[in-house]
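Below you'll find the structure, written out as structure tokens, and then a few comments.
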Amino acid sequence: MGSRGLVPDSYLLPSAIKACAALKALKPGRQVHAFASVNGFGSDSVLMSSLVHMYLKCNRIEDAQKLFDGMCDRDVIVWSAMIAGYSRLGIVDRAKELFNEMRNAGVEPNLVSWNGMIAGFGNAGLYDEAVMLFREMISDGFLPDGSTVSCVLPGIGNMKDVLMGEQVHGYVIKQGLESDNFVLSALLDMYGRCGCASEMSRVFDEIDQTEIGSLNAYLTGLSRNGLVDTALEVFKKFKAREMELNVVTWTSIISSCSQNGKDMEALELFRDMQADGVEPNAVTIPSLIPACANISRLTHGKAIHCFSLRNGFFDDVYVSSALIGMYAKCGRIQLSRHCFDIMPSRNLVSWNAIMNGYAMHGKARETIEMFHMMLQKGQKPDSTTFTCVLHACTQNGLTEEGWHYFNNMSKEHNVKPKMEHYACMVTLLSRVGKLEEAYSIIKEMPFEPDACVWGALLSSCRVYNNLSLGEIAAEKLFVLEPDNPGNYILLSNIYASKGMWDEENRIRDMMKSKGLKKNPGYSWIEIGQRVHTLLSGDKSHPQMKEILEKSEKLSIEIKKSGYLPMTKSVLQDVEEQDKEQILCGHSEKLAVVLGLINTSPGQPLQVIKNLRICDDCHAVIKIISRLEGREIFVRDTNRFHHFKDGVCSCGDFW
DNA sequence: ATAGGGTTAG
């Protein structure tokens, strides 16, 4: 325009500024601002309003406020923009202040002003206040529109206020807002959060033309309600219909899988997503990383770490926190700490991630050290933080420290102990043999103990072979989770350890009549690009002959070092020699030996087991780590064991 | 002719 001798006027400039706002392009925005000032548009209220908006979109609230303060003609539009600006940042006090200032200035709020306020309270997590404002605007004579409804529904969902949600749903139908896609996805999300899966499905099925936002909200809602298989079905159906799936859709379905035990599926979907030409973003990554961690595939985890670095996602707090958790779960706690140390900024999630890592590795001193460091940095702990601290104490039998943090959490940090904290205390006390003290906590806790709490007591009763408390705990567990074979096994093992074979048989018969079988022990190990699964006592692995040969050789060496097979770990009524045989078939030993055969000397080995590692395997693997000069990482259901030079990181307490 | 608001993935 300039080169043709044309001069932009006060009608054209706002359009240019609007473009800057949409692109969040601060620099050209400032240039237009300068042009407007120089050319005498400084008192044009529409132009100034558009600049205020541009600065708000670019998160320059101070610049916006300065311009706003200098305006003489402020209408409801620019007031609303400022209110929404503060609201988006969660600065609700200031938003409310402006709302009142506006009224005092004789400018009446309109629908948009109210909507901006309500959105702000929702963003700040003040859901009940958002709902109160919603009621207030109605009594002020406003008819909420689709925008209002989609602002207020997330809050209703967060509070699980089904009744209010249904009222709003009714209002949506009455006002004919069901064709608004924003409203639909907000409704689906609300029902999903309230646990109303069937109502949610009804809403979804009635949609004429499904739009991507509603599909995404629906998939997340299904996953929230544990309906992963349905989510996958719906996902596939819409993919087959050649619907354009976006990064939210893919991230959502990947999360559903990794959060619900479908780790391989999550990894496959990540590949499909890229094949489909949808670029993962900083949200996709942390939803995928737990899948690698769960199956302990360090190779994949590292690949995703590299992917994050290449794509500039590493500075995202959630990405690096997820990596901290992944390395910890894959046994590489030093790498977790490294990720933590180089993070440019940290939040509660990052602190909890590193503390959880240390706790998982039984490093109580480091966990507690991080806890104090986090307090020192001014980060407030939450309930997860205390779970980590108490869990760490549990791993090291630190009863005094455990009591200290348990008592202080609500007193000093205003975090009320929940079920999991009581469960930690029960574990802590019963693991060190203070079974009666643990039982008295159970009796005194302010809510009905759940299966985790009783399960903690029962497994320690098994360790110390305490029959009377074991029977009490088992009786509760048989009611709480009648189909969990582990509880029957633990009680029958206590009977077996006392030679009470009649009782032992009675429990076995109970299991049989319920059609329950002992969960078979299995372990898996990643070798190169493959994961090998080994079942306890199973001889079907193609390399079984080599495994047995190597075991034979090792066993001679091991026995030379003075080791005796811990046949007391075998709780079956069989001969000593058979017991030795049974121990040799334990899946974790098979996995370790398979690893030794197939990797070059000195390479670390990585094994996961679906049950707790047994005493005998623990002792044997310690010796193997010394004989073979290998670091061996074994993750069982309870914790991490890092074997090196003949010792284990757990210090033989687990 | 020019300026304002919303949902869904951690």
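Chain A is the first sequence line, chain B the second, and so forth, proteins listed ahead of strands; every chain is numbered from 1. Only a predicted model underlies this, so the values are computations on that prediction, with no experimental measurement involved.
- In terms of phosphate contacts, A/H53 brings a side-chain nitrogen or oxygen within less than 4.0 Å of OP1 or OP2 of B/dG4.
- For A/N115 and B/dG4, a side-chain-to-base donor-acceptor distance below 3.5 Å is absent, hydrogens and geometry of angles not being considered.
- Candidate nucleotides B/dG10, B/dG4, B/dG6 were compared by shortest atom distance to the side chain of A/D316, and B/dG10 ranks first.
- Contacts of A/D180 with the nucleic acid, taken as non-hydrogen atoms under 4.0 Å apart, include base atoms.
- Between the CD1 atom of A/I253 and the P atom of B/dG10 there is a distance of 12 Å, given to the nearest Å.
- Closest contact between the side chain of A/S255 and the listed nucleotides B/dG10, B/dG6, B/dT8 involves B/dG10.
- Side-chain proximity of A/S80 to the nucleotides B/dG5, B/dA9, B/dG4 is greatest for B/dG4.
- The distance from atom CG of A/N181 to atom C1' of B/dT8 is 11 Å, rounded to the nearest whole Å.
- Judged by atom type and distance alone, A/D145 does not reach the base of B/dG6 through any side-chain donor-acceptor pair under 3.5 Å.
- Residue-level contact check: A/G116 touches neither bases nor backbone, having no heavy atom under 4.0 Å from any strand.
- Within 4.0 Å of A/R224, counting heavy atoms only, lie sugar-phosphate atoms of the nucleic acid but no base atom.
- Atom CD1 in A/I17 sits roughly 10 Å away from atom P in B/dG4 (whole-Å rounding).
- In summary, the aromatic rings of A/F270 and A/F307 are positioned with their centroids under 6.0 Å apart.
- The residue A/T220 sits close only to the backbone: its heavy atoms come under 4.0 Å of sugar-phosphate atoms, none of a base.
- Whole-Å rounding puts the A/F235 CZ to B/dA9 P distance at 16 Å.
- Regarding A/M190, its CE atom lies at a distance of 20 Å from the P atom of B/dG6, rounded to whole Å.
- Between B/dA1, B/dG5, B/dG10, one nucleotide has an atom nearer to the side chain of A/P286 than all others, and that is B/dG10.
- Between A/K239 and A/D272 there is no salt bridge, since none of the side-chain N atoms of the basic residue sits less than 4.0 Å from a carboxylate O of the acidic one.
- Across all strands, A/A21 comes closer than 4.0 Å to no nucleic acid atom at all (heavy-atom distances).
- Listed nucleotides B/dA3, B/dG4, B/dA1 differ in distance to A/N110; the shortest reach to its side chain belongs to B/dG4.
- If you look at A/W351 and A/F371, their ring centroids are not closer than 6.0 Å.
- B/dG6 has A/F182 stacked on its base ring, the centres lying under 5.5 angstrom apart and the planes within 30 degrees of parallel.
- Here the side chain of A/V183 is nearest to one of B/dT8, B/dG6, B/dA3, namely B/dG6.
- In the set B/dG6, B/dT7, B/dG4, B/dG4 carries the atom at the smallest distance from any side-chain atom of A/V112.
- Atom-to-atom, CZ of A/R346 to C1' of B/dG10 comes out at 19 Å; the value is rounded to the nearest Å.
- Across B/dT8, B/dG10, B/dG4, the shortest atom-to-atom separation from the side chain of A/V283 is found for B/dG10.
- Taking 3.5 Å as the limit, the base of B/dA9 and the side chain of A/N281 contain a donor-acceptor pair of atoms between them.
- With rounding to whole Å, A/L177 atom CG is found 13 Å from B/dT7 atom C1'.
- At a cut-off of 3.5 angstrom, the base of B/dT7 holds no donor-acceptor pair with the side chain of A/S150.
- The side-chain tip of A/R60 does not point at the ring of A/Y55 from less than 6.0 angstrom away and within 45° of straight on.
- No hydrogens or angles considered: a donor-acceptor pair under 3.5 Å links the side chains of A/S252 and A/T220.
- Below 30°, between 30° and 60°, or above 60°: for A/F204 and A/Y218 the angle between ring planes is below 30°, a parallel geometry.
- Rounded to whole Å, atom P of B/dT7 lies 17 Å from atom CD1 of A/I212.
- Among B/dA9, B/dA1, B/dT7, the nucleotide with an atom closest to any side-chain atom of A/P154 is B/dT7.
- Using a cutoff of 4.0 Å between basic side-chain nitrogens and carboxylate oxygens, A/E199 and A/R202 are scored as salt-bridged.
- Put simply, A/K57 has a side-chain N or O that comes within less than 4.0 Å of OP1 or OP2 on B/dG5.
- Among the heavy atoms of the strands lying under 4.0 Å from A/S49 is at least one base atom, whether or not backbone atoms are also near.
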